[in-house]
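Data block below; observations after.
Here, residue 1 is the first one in the sequence, and each next residue gets the next number. Computed from heavy atoms alone, side chains included, the values below leave out hydrogens, waters and symmetry copies.
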Amino acid sequence: MIFIELSDYSLPPFGTGVGINEFYFNIKDGDVCAIVAANPDDACTFLRALAMLVSPIKGSYRYKGEYQDFKNYSRSLQIKKKIGYIAPDAALISNLTIRQNLLLNRFYHENDLHIQIDKKMRFLCESFDLSDKLDHRPASLNIMEIQSAIIVREICKDPEVLLLNRPEDFIGHSKFDFLTESFNRWIGQKLPVVFISYDRRLIRRFANRKILITNGTFGTLDINRNNGTNNGI
């Protein structure tokens, strides 16, 4: 199944990037795509575009074949809840506790403020040493704890597509084993993943496609992970 499909897509420049001109991209079950870009800001722009956080200059965005109108806010929210986005620009809501931040998506979509943390979320909170921080607000947490809370929130959405920006930094090198175990689990589930990483171990071990962005041009490269060879552009 194709989850996200971008057709005749052009993205604006951001920061030091030059933008990306008129490209086609889709991601389906089992794809693990590493973004390799000449300019880091162009890589971030593309990842944010997949998360519906950047509107295109032109082109169409389809999710499971359905055209998405970025001006339709309520419909966009329905799609965004299916996409996990773990990146430095992701944020928590400052006037809510960590517990409330983690459960906010369920509060909203299930219309029930009495929902409690489930077994999966509890395990992840314990794994990231957040269990005793759940009733604190983000201002009382350090940056790594905030990042950990974002990871827990996004993974517990049970996303249909997962987007990661430098997960080795976001999760922290001390939890690198957790990161590799997570990639193995996502691959086993055939969860579509797109990630930016400067850790070549992650790319070599897990990516089966590369997304190549250079000076406004876009291409993809399939990787045969069994023998390490490339199968064309």
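Ile203 and Leu163 are members of different hydrophobic clusters when ILVMFWY side chains are connected at heavy-atom separations under 4.5 Å. Connection of Ile4 to Leu212 is not established within any shared hydrophobic cluster, with ILVMFWY side chains joined at heavy-atom distances below 4.5 Å, either directly or through further cluster members. Using a 4.5 Å cut-off between side-chain heavy atoms of Ile, Leu, Val, Met, Phe, Trp and Tyr, with links allowed through other members, Ile211 and Val32 fall into different hydrophobic clusters. Grouping the Ile, Leu, Val, Met, Phe, Trp and Tyr side chains by contacts below 4.5 angstrom, directly or via other members, places Met1 with Ile79. Met52 and Phe14 fall into different hydrophobic clusters, where Ile, Leu, Val, Met, Phe, Trp and Tyr are joined by side-chain heavy atoms under 4.5 Å apart, directly or via other members.
Under the ring-ring contact (aromatic ring centres under 6.0 Å, His included) criterion, no residue pair touches residues 132-155, with sequence neighbours excluded. Residues in residues 33-66 take part in these ring-ring contact (aromatic ring centres under 6.0 Å, His included) pairs, two or more places apart or across chains: Phe23-Phe46, Phe25-Phe46, Phe46-Phe218, Tyr61-Phe70. Listed by first then second residue, pairs satisfying side-chain hydrogen bond (donor to acceptor under 3.5 Å, both in side chains) with a partner in residues 119-130 read Lys120-Asp158, not counting sequence neighbours. Pairs of residues two or more places apart, or lying in two chains, never qualify as ring-ring contact (aromatic ring centres under 6.0 Å, His included) while including a residue from residues 137-168.
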List the atom pairs, donor and acceptor, that lie under 3.5 Å between side-chain atoms in residues 85-92 and the rest of the protein, sequence neighbours left out.
{"from": "Tyr85", "atom 1": "OH", "to": "Asp89", "atom 2": "OD1", "distance (Å)": "2.7"}
{"from": "Tyr85", "atom 1": "OH", "to": "Asp89", "atom 2": "OD2", "distance (Å)": "3.0"}
{"from": "Asp89", "atom 1": "OD2", "to": "Arg48", "atom 2": "NH1", "distance (Å)": "2.3"}

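Judged purely by atom type and a 3.5 angstrom limit, Asp42 uses its side chain to pair as donor or acceptor with the backbone of Val18. Remark: side-chain polar atoms of Asn208 are paired, donor with acceptor, to backbone N or O of Gly30 under 3.5 angstrom. Panel note: side chain Asn101, backbone Ile93; a donor-acceptor pair is recorded below 3.5 Å.
Val152 has its side chain within reach of Leu102: a pair of non-hydrogen atoms, C-beta onward, lies under 4.5 Å apart. Residues Met121 and Leu124 are not in side-chain contact: their nearest non-hydrogen atoms beyond the backbone lie 4.5 Å or more apart. Residues Leu221 and Val36 form no side-chain contact, since every pair of their non-hydrogen atoms from C-beta on lies 4.5 Å or further apart. Counting heavy atoms from C-beta outward, Lys80 and Leu53 have side chains that approach closer than 4.5 Å. Within the 4.5 Å cutoff, the side chain of Leu50 has no heavy atoms near those of the Ile27 side chain. The shortest distance between side-chain heavy atoms of Pro192 and Leu162 does not fall below 4.5 Å. Side-chain contact check for Asn95 versus Arg137: some heavy-atom pair is nearer than 4.5 Å. At least one side-chain heavy atom of Leu134 sits less than 4.5 Å from a side-chain heavy atom of Cys125.
Residues passing the side-chain hydrogen bond (donor to acceptor under 3.5 Å, both in side chains) test with Asp41, sequence neighbours excluded: Thr16. By the salt bridge (charged side-chain N to carboxylate O under 4.0 Å, His left out) test, Arg153 is found to be paired with no residue, residues two or more places apart in sequence or in another chain being considered. Considering only residues two or more places apart in sequence or on other chains, Arg200 meets the side-chain contact (heavy atoms from CB on, under 4.5 Å) condition with Arg204. By the side-chain hydrogen bond (donor to acceptor under 3.5 Å, both in side chains) test, Ser10 is found to be paired with no residue, residues two or more places apart in sequence or in another chain being considered. Residues passing the side-chain hydrogen bond (donor to acceptor under 3.5 Å, both in side chains) test with Arg75, sequence neighbours excluded: Glu66. Residues passing the side-chain contact (heavy atoms from CB on, under 4.5 Å) test with Ser60 are Ser7, Arg62, Tyr67, sequence neighbours excluded. Among residues two or more places apart in sequence or in another chain, the side-chain hydrogen bond (donor to acceptor under 3.5 Å, both in side chains) test is passed with Ser76 by none.
Nearest heavy-atom pair across Gln100 and Leu96 is OE1-CA, 3.4 Å. Between Leu191 and Pro159, the shortest heavy-atom distance links the atoms CD1-O, 3.2 Å. Shortest non-hydrogen contact noted between Ile35 and Ala43 is CG2-CB, 3.7 Å. Counting all heavy atoms, side chain and backbone alike, Ala34 lies closest to Ala207 at CB-CB, 3.9 Å. Pro56 and Leu11 make their closest contact through CA-CD2, 4.1 Å (heavy atoms, listed as atom of the first residue, atom of the second, distance).
Between Lys64 and Glu160 there is a salt bridge, since at least one side-chain N of the basic residue sits less than 4.0 Å from a carboxylate O of the acidic one. A salt bridge links Asp31 to Arg209: at least one charged side-chain nitrogen sits closer than 4.0 Å to a carboxylate oxygen.
Partner Phe195 forms a ring pair (Phe, Tyr, Trp, His ring centres under 6.0 Å) with one of Trp186, Phe206, Phe183 and no other, that one being Phe183.
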Please determine whether side-chain hydrogen bond (donor to acceptor under 3.5 Å, both in side chains) holds for the pair Ser74 and Asn72, giving the CA-CA distance in whole Å, both sets of side-chain angles, and the decisive distance to 0.1 Å.
CA-CA 6 Å; Ser74 60; Asn72 187 335; 3.2 Å; yes
